[in-house]
Amino acid sequence: MSEADTKNSEDTRDFIREIIRADLDAGKHDGVVTRFPPEPNGYLHIGHAKSICLNFSIAQEFGGRCHLRFDDTNPAKEEQEYVDSIQKDVRWLGFDWGDNLFFASDYFDQLYAWAVQLVKAGKAYVDDLSADEIRAHRGTLTEPGKNSPYRDRSIEENLNLFQRMRAGEFEDGARVLRAKIDMASGNMNLRDPVMYRIVHESHPRTGDAWCIYPTYDFTHGQSDAIEHITHSICTLEFEDHRPLYDWYLDNIDAPSRPRQYEFSRLNVSHTIVSKRYLRQLVEEGHVRGWDDPRMPTISGMRRRGLPAAALRDFAKRVGVTKSNNVIEVALLDHCAREYLNKKALRRMAVLDPLKVVIENYPEGQSEELDAVNNPEDAAAGKRKVSFGREIYIERSDFMEDAPRKFFRLAPGREVRLRYAYFVTCTDVIKNDAGEVVELRCTYDPETRGGNSPDGRKVKGTLHWVSAAHAVPAEVRLYDHLFSRADPGADGNFLDDVDAESLSVLEGCLLEPALAEAKAGKAVQFERQGYFCVDPDSTPEKLVFNRTVALRDKWAKIQAKGGGGKK
RNA sequence: UGGGGCGUGGCCAAGUGGUUAAGGCACCGGUUUUUGGUAUCGGCAUUCGGAGGUUCGAAUCCUCCCGCCCCAGCCA
């Protein structure tokens with residue numbers, strides 16, 4: 001956690017924290033206990049990140065604790081692989097659950113006992129209706145449901161049947177245990193919700209000990225109560241479940257009385273956060289995997305080089321309310337740049353090289369020049385960069401017929417090579433196809449280091465690498481996965497995948513210091529953006545990912561068709 | 001004529017009867033600058049979904065209306 005993160009509750013105000021503060025003031029609780037309750041059936045994404053930050057931060061701010069609890073009540077969908085990746089992601093985000101790692105499956109015995117308690121109280125019954133029949137009896141949003149013909153079985157018969165369900169006497173789907181509440185309720189969740197279903201499937205943790213499994217509703221609140229969670233924070237779609245959450249806790253011997261609070265889920269423009277859609281992107285090969293740097297998964301963002309601190313900052317900035325929202329990705333990009341600007345070492349890298357020969361620089365000669373590692377951080381120190389007669393500059397930094405506002409190289413124009421010399425373009429060499437393949441320049445020896453003793457000014461400063469020293473690399477440029485802010489709004493979200501969201505650049509030339517770049521350490525390629533070493537990188541073949549581009553005023557001027565007269 | 005929520009600038013979001021309606025992102029413009037980066041300065045809602053009403057005074061209270069989201073898994 002960096003200093004930028006919230007350390008106390010004073011500077012963060014939202015309706016949930018207000019409620020907690022009021023509860024504490026009223027003496028309702030001795031402390032605050034929250035929980036992050038993922039189902040281990042997929043990878044965590046940016047929406048989960050918001051929830052993780054909310055729950056763990058609240059615990060930190062109020063001196064409480066936050067549990068990591070896996071909601072593993074559906075063995076048909078859950079896998080150990082996911083419980084591992086989830087733990088890795090939460091840790092990477094910077095949070096620690098200490099000893100408080102739990103699994104809903106740890107409570108199966110207790111949950112079963114509570115179910116029996118409800119049966120004995122005449123508040124739950126075994127229903128022999130099929131899934132289709134139950135649906136038909138449930139009614140619709142505007143019409144009440146009908147009672148199941150099995151609703152009024154005797155307590156003894158229910159007890160007997162429920163025990164036999166547990167004993168494995170019935171096939172999947174043959175019977176369910178339902179709470180006896182109100183088939184006419186306007187709230188669909190209260191129309192005799194299913195508490196237990198028969199699933200002959202082995203569970204990642206409990207193996208074959210059970211063939212009946214509790215539903216989410218019959219598990220969540222009780223798990224909260226067992227763990228003495230004080231504030232159970234979830235997203236808005238569970239608002240309708242709260243009466244049921246309360247009903248269960250009110251009708252069993254709950255060891256504590258947690259309360260559920262709901263906030264609106266996070267939506268981000270130009271992306272999609274739906275496990276189903278994310279899975280489709282992976283399985284149909286639209287991306288290279290769950291950790292593809294374009295994915296809004298935590299693993300994808302990590303691979304892209306987004307710092308955990310930037311993600312935490314983002315989570316804090318988006319706010320916690322109950323209103324539907326779509327946060328512009330630009331805010332995430334901003335958080336990344338703001339953090340990276342202070343931390344990332346600066347290096348020079350030419351992504352699309354154009355050769356430049358400095359004609360008045362002695363052949364065979366080279367020299368080392370001082371370069372600052374990070375102008376935002378003096379402690380980052382300096383390094384040496386090699387300069388020689390032949391260098392490479394960015395192809396886009398030269399224009400043969402340049403407009404007025406183009407502050408870079410053009411025939412007859414003088415620019416500064418960062419940390420090196422002023423150079424003037426004297427000649428343009430083209431191939432048979434008329435493409436520029438090389439530039440001829442002269443340099444001013446008096447401007448060594450980049451300053452002119454006569455006070456002469458240049459408008460542009462270019463990054464460059466020495467031809468004799470540069471190391472090759474592959475650089476992957478990423479853009480937002482979707483071309484439109486609201487993917488799928490016009491139909492299939494797959495149609496909105498931006499085919500150019502990934503462009504792989506081969507033959508990039510980097511200053512030698514980048515060969516030692518460490519995985520997980522961000523660097524800024526000067527004038528271009530923030531990059532990181534990709535896991536695919538090897539000493540023989542360096543591979544970098546662009547985390548986020550620098551803001552680019554020139555690109556804006558160009559986009560407006562500007563640049564002035566030629 | 002089901003139930004539950006939500007509507008403050010392009011996107012978020014403070015605001016809880018008396019403030020010139022915070023702040024951030026985005027956008028526009030100036031300054032600084034050996035990154036067209038950063039930093040910095042300035043601009044950007046006479047108005048709070050709409051219409052009535054209460055009040056000396058309303059984004060905040062009342063009434064009606066409009067719009068958007070969620071719920072009919074033996075998913076979570």
Side-chain angles (χ1 to χ4, degrees), chain A residues 13-14 18 37-39 41-42 71-74 76-78 127 129-131 134-136 138-145 172-178 184-191 193-199 212-213 215-217 219-220 234-243 262 264 269 275 317-335 337-338 341-342 346 348 371-372 375-376 405-408 415-420 422 447 449-452 458-463 485 524-529 549-557:
Chain A
R13 301 198 90 87
D14 56 63
E18 295 294 355
E39 180 189 14
N41 72 340
D71 230 324
D72 55 348
T73 59
N74 187 353
K77 293 187 172 180
E78 297 149 8
D127 195 344
L129 254 27
S130 69
I134 286 181
R135 188 179 314 119
R138 188 152 29 227
T140 67
L141 294 178
T142 52
E143 301 157 24
D172 283 9
R175 287 177 229 264
V176 291
L177 182 71
R178 294 227 256 170
S185 174
N187 182 342
M188 302 297 284
N189 295 119
L190 265 22
R191 321 246 263 224
V194 172
M195 295 164 59
Y196 269 90
R197 69 282 213 193
I198 299 169
V199 183
I212 57 171
Y213 292 91
T215 55
Y216 163 84
D217 287 304
T219 306
H220 206 93
C234 63
T235 41
L236 243 34
E237 64 268 28
F238 291 100
E239 213 155 16
D240 286 345
H241 294 243
R242 184 166 10 107
E262 312 85 12
S264 55
S269 73
K275 275 185 189 174
R317 291 196 198 213
V318 297
V320 180
T321 67
K322 301 185 74 153
S323 47
N324 298 327
N325 62 79
V326 182
I327 308 294
E328 292 174 340
V329 253
L331 180 61
L332 216 209
D333 292 343
H334 173 265
C335 291
R337 290 194 193 99
E338 185 171 82
N341 175 50
K342 296 197 183 76
R346 312 290 131 118
M348 291 199 283
V372 170
E376 302 293 321
K405 287 185 184 168
F406 184 78
F407 300 153
R408 308 173 185 185
V415 296
R416 169 167 42 233
L417 293 177
R418 181 140 231 227
Y419 300 125
F422 283 12
T447 58
N451 292 303
S452 58
V458 288
K459 298 284 270 185
T461 301
L462 273 43
H463 61 277
Q524 182 195 102
F525 288 0
E526 291 224 26
R527 303 208 303 135
Q528 308 198 92
L550 249 31
R551 294 183 71 201
D552 187 350
K553 200 169 189 176
W554 172 237
K556 273 183 189 172
I557 293 171

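Predicted, not measured: the structure shown is a model, and the values here were computed from it. Proteins come first, then strands; the chains are lettered A, B, ... in the order of their sequence lines, and each starts at number 1. All values below were derived from every heavy atom in this structure, side-chain atoms included, with hydrogens, water molecules and symmetry-related copies excluded.
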Whether the side chain of [X] and the base of [N] hold a donor-acceptor pair under 3.5 Å is what I'd like checked.
X	N	answer
A:E376	B:G37	yes
A:E526	B:G37	no
A:Q528	B:U35	no

OP1, OP2 of [N] versus side-chain N and O of [X]: anything below 4.0 Å?
X	N	answer
A:R408	B:G36	no
A:R551	B:C27	yes
A:R138	B:G73	yes
A:S323	B:A13	yes

Could you check B:G4 for me: syn (within 90° of 0) or anti?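 What B:G4 shows is an anti base, its glycosidic angle lying more than 90° from 0.
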
Using ring-ring contact (aromatic ring centres under 6.0 Å, His included) as the criterion, list what pairs up with A:H463, not counting sequence neighbours. none

Minimum-distance nucleotide to A:T321 side chain [options: B:U35, B:G36, B:A13]: B:A13

At 4.0 Å (heavy atoms only), tell me whether A:L190 reaches a base, stays on the sugar-phosphate, or touches nothing. nothing

Across the strands shown, which category fits A:L417 at heavy-atom distances under 4.0 angstrom: base, sugar-phosphate, nothing? nothing

Donor-acceptor contact below 3.5 Å, side chain A:R416 vs main chain A:G450: yes

Between the protein and nucleotides 69-71 of chain B, are there any N/O to N/O pairs under 3.5 Å, and if so, what are the atom names and distances?
{"unit_1": "B:C69", "atom_1": "O4'", "unit_2": "A:N324", "atom_2": "ND2", "d": "3.3"}

Listed by chain and number, what are the salt bridge (Lys or Arg N to Asp or Glu O under 4.0 Å) partners of A:R418, not counting sequence neighbours?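 Only A:E526 meet the salt bridge (Lys or Arg N to Asp or Glu O under 4.0 Å) criterion with A:R418.
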
